[in-house]
Amino acid sequence: MLYVACEGESTEPDYLQYLNEQFGDGDEKGRQPFRIQPVYRRNGLTPSGAVAAARQAADEDEAWALFDRDRWDDIPQAIKAAAENGIEIAFSNPSFDLWLLLHFQPFGGAQGGSSKLVVEKLRQAKNAEAFHAYDKRGDKSIKGSRRDALKGREGVAVAHARSLVAACAHGLCKPADAKTEPVDRAGEPWSYQDWAARAGHARSCPVLQRDPSTDVWRLLVALGIGERAGGARRDR
Ligand SMILES: [Zn+2]
């Protein structure tokens, strides 16, 4: 059981339920069963709110907080609180929508916190017809045909997300440096830099300048999803 608190109230909780249903039973190749408990609030959470909610819900269990760059200015505070409490961060810059897009195509180029281009690309991506009306009339759900469109592409998404770490403008960031194994949350607290470096970005790479990037791939790899299936490589 792991607890994943989400900034969003629709897209991310839907996606986590999809992970439960698609992968939660484990498989014959040795992937362990898991159960994600999504933690979210109507009208959403701030990044700091997501970290606090994860902490409250998880007690000593594995906990993650998912949040985006696009709207918030309390991200450094959120990361600090996460580091102090051993809560894993899955930060997406500009937004979780980038993680969805990476299932269908690679992406690059700084977005300055705006999700506009990412969403446009997602609506138009090949094999992503189910996302044609994504975020129109407020519909950012991940159900039915949208789930089906994502299925089987998780390895590709992980590989694309890892390549964004390698392509980071900072220059010293390596996906092979990312950490995905569970931590002992009862141990000593981590420093802000060490915690933020679990994404594979260098300790000296400022989080808000990881543009574009998404750490959601680490959650999948931590669950045993994606690395074997789609050709993601352990080296950079
Ligand atoms: Zn970086």
Side-chain angles (χ1 to χ4, degrees), residues 1-6 11-39 54 57-58 60-66 86-92 96-107 122 125-131 142-167 173-185 197-201 213-236:
M1 175 71 91
L2 62 158
Y3 294 80
V4 182
C6 316
T11 314
E12 296 100 321
D14 283 354
Y15 179 75
L16 297 172
Q17 289 295 3
Y18 157 72
L19 292 181
N20 277 333
E21 288 162 25
Q22 186 69 17
F23 303 102
D25 292 338
D27 68 11
E28 313 83 49
K29 294 177 194 154
R31 195 183 65 240
Q32 296 299 306
F34 64 83
R35 179 81 195 167
I36 298 170
Q37 180 63 54
V39 180
E60 296 294 311
D61 286 336
E62 183 174 351
W64 289 69
L66 261 62
I87 293 163
E88 292 275 14
I89 299 158
F91 172 63
S92 295
F96 187 82
D97 304 327
L98 172 62
W99 171 246
L100 299 176
L101 175 63
L102 295 178
H103 287 69
F104 304 102
Q105 61 166 79
F107 184 77
L122 177 60
K126 197 175 171 211
N127 300 312
E129 290 77 13
F131 288 89
I142 307 283
K143 296 191 161 87
S145 59
R146 289 183 185 168
R147 285 183 176 202
D148 293 341
L150 296 175
K151 255 174 224 172
R153 296 178 179 276
E154 50 284 337
V156 170
V158 167
H160 286 154
R162 290 174 59 103
S163 70
L164 283 180
V165 181
C173 307
K174 300 189 188 89
D177 290 344
K179 305 284 190 292
T180 57
E181 73 284 1
V183 298
D184 175 12
R185 293 191 50 217
R198 289 178 65 80
H201 290 266
S213 70
T214 173
D215 307 336
V216 179
W217 72 273
R218 285 198 311 123
L219 172 62
L220 269 75
V221 171
L223 296 171
I225 304 166
E227 279 211 302
R228 278 176 318 220
R233 290 161 44 161
R234 288 221 164 259
D235 58 330
R236 70 176 289 178

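Along the sequence shown, residues carry numbers from 1. Keep in mind that this is a model prediction, so the values were computed, not measured.
For the residue pair Trp217 and Ala199, the shortest heavy atom distance occurs at CZ2-O, 4.1 Å. Of all the heavy atoms in Phe107 and Leu101, the pair that sits closest is CD1-CD2, 3.6 Å. Closest approach of Pro182 to Glu62, counting heavy atoms only: CB-OE1, 4.4 Å. The minimum heavy-atom distance between Arg162 and Pro175, with the atom names listed, is O-CG, 3.4 Å. The two residues Phe23 and Phe34 come nearest to each other via the heavy atoms O-CE2, 3.4 Å. When all heavy atoms of Arg218 and Ile89 are compared, the pair lying nearest together is NH2-O, 2.8 Å.
Under the 3.5 Å distance criterion, the side-chain polar atoms of Glu154 are matched with a main-chain donor or acceptor of Gly152. Between the side chain of Asp14 and the main chain of Lys143, no donor-acceptor pair closer than 3.5 Å is present.
Heavy-atom contacts from other residues, nucleotides or ligands closer than 6.0 Å to NZ of Lys151 number more than 12.
Here Gln32 pairs with nothing under the side-chain contact (heavy atoms from CB on, under 4.5 Å) rule; sequence neighbours left out. By the side-chain contact (heavy atoms from CB on, under 4.5 Å) test, Asn127 pairs with Phe104, Arg153, sequence neighbours left out. By the side-chain contact (heavy atoms from CB on, under 4.5 Å) test, Ala54 pairs with Ala5, Ala63, Ile87, sequence neighbours left out.
With values rounded to the nearest 0.5 angstrom, Gln37 atom CD is found 9.5 Å from Leu2 atom CG. Considering CG of Leu102 and OG of Ser213, their distance stands at 10.0 Å, rounded to 0.5 Å. The CG atom of Leu150 lies 5.0 Å from the NE2 atom of His103; values are rounded to the nearest 0.5 Å. For the atom pair CG (Asp148) and CD (Glu129), the distance works out to 12.5 Å, reported to the nearest 0.5 Å.
Between Val165 and Asp215, every side-chain heavy-atom pair lies at or beyond the 4.5 Å cut-off. Contact check for Trp99 versus Leu66: no side-chain heavy atoms found under the 4.5 Å cut-off. Contact of the Arg147 side chain with the Ile142 side chain is registered, since non-hydrogen atoms from C-beta on lie closer than 4.5 Å. Side-chain contact between Leu223 and Ile36 is present, with heavy atoms from C-beta onward closer than 4.5 Å. Here the side chains of Trp64 and Leu219 are in contact, with some heavy-atom distance below 4.5 Å. Side-chain contact between Phe96 and Val216: present, with at least one pair of heavy atoms (C-beta onward) separated by less than 4.5 Å.
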field: Candidate pair Val39 and Val4, rule side-chain contact (heavy atoms from CB on, under 4.5 Å), full reasoning
entry: CA-CA 6 Å; Val39 180; Val4 182; over 6 Å; no
task: Decide yes or no on side-chain contact (heavy atoms from CB on, under 4.5 Å) for Thr11 and Leu100, but give the supporting numbers first.
output: CA-CA 10 Å; Thr11 314; Leu100 299 176; 4.1 Å; yes
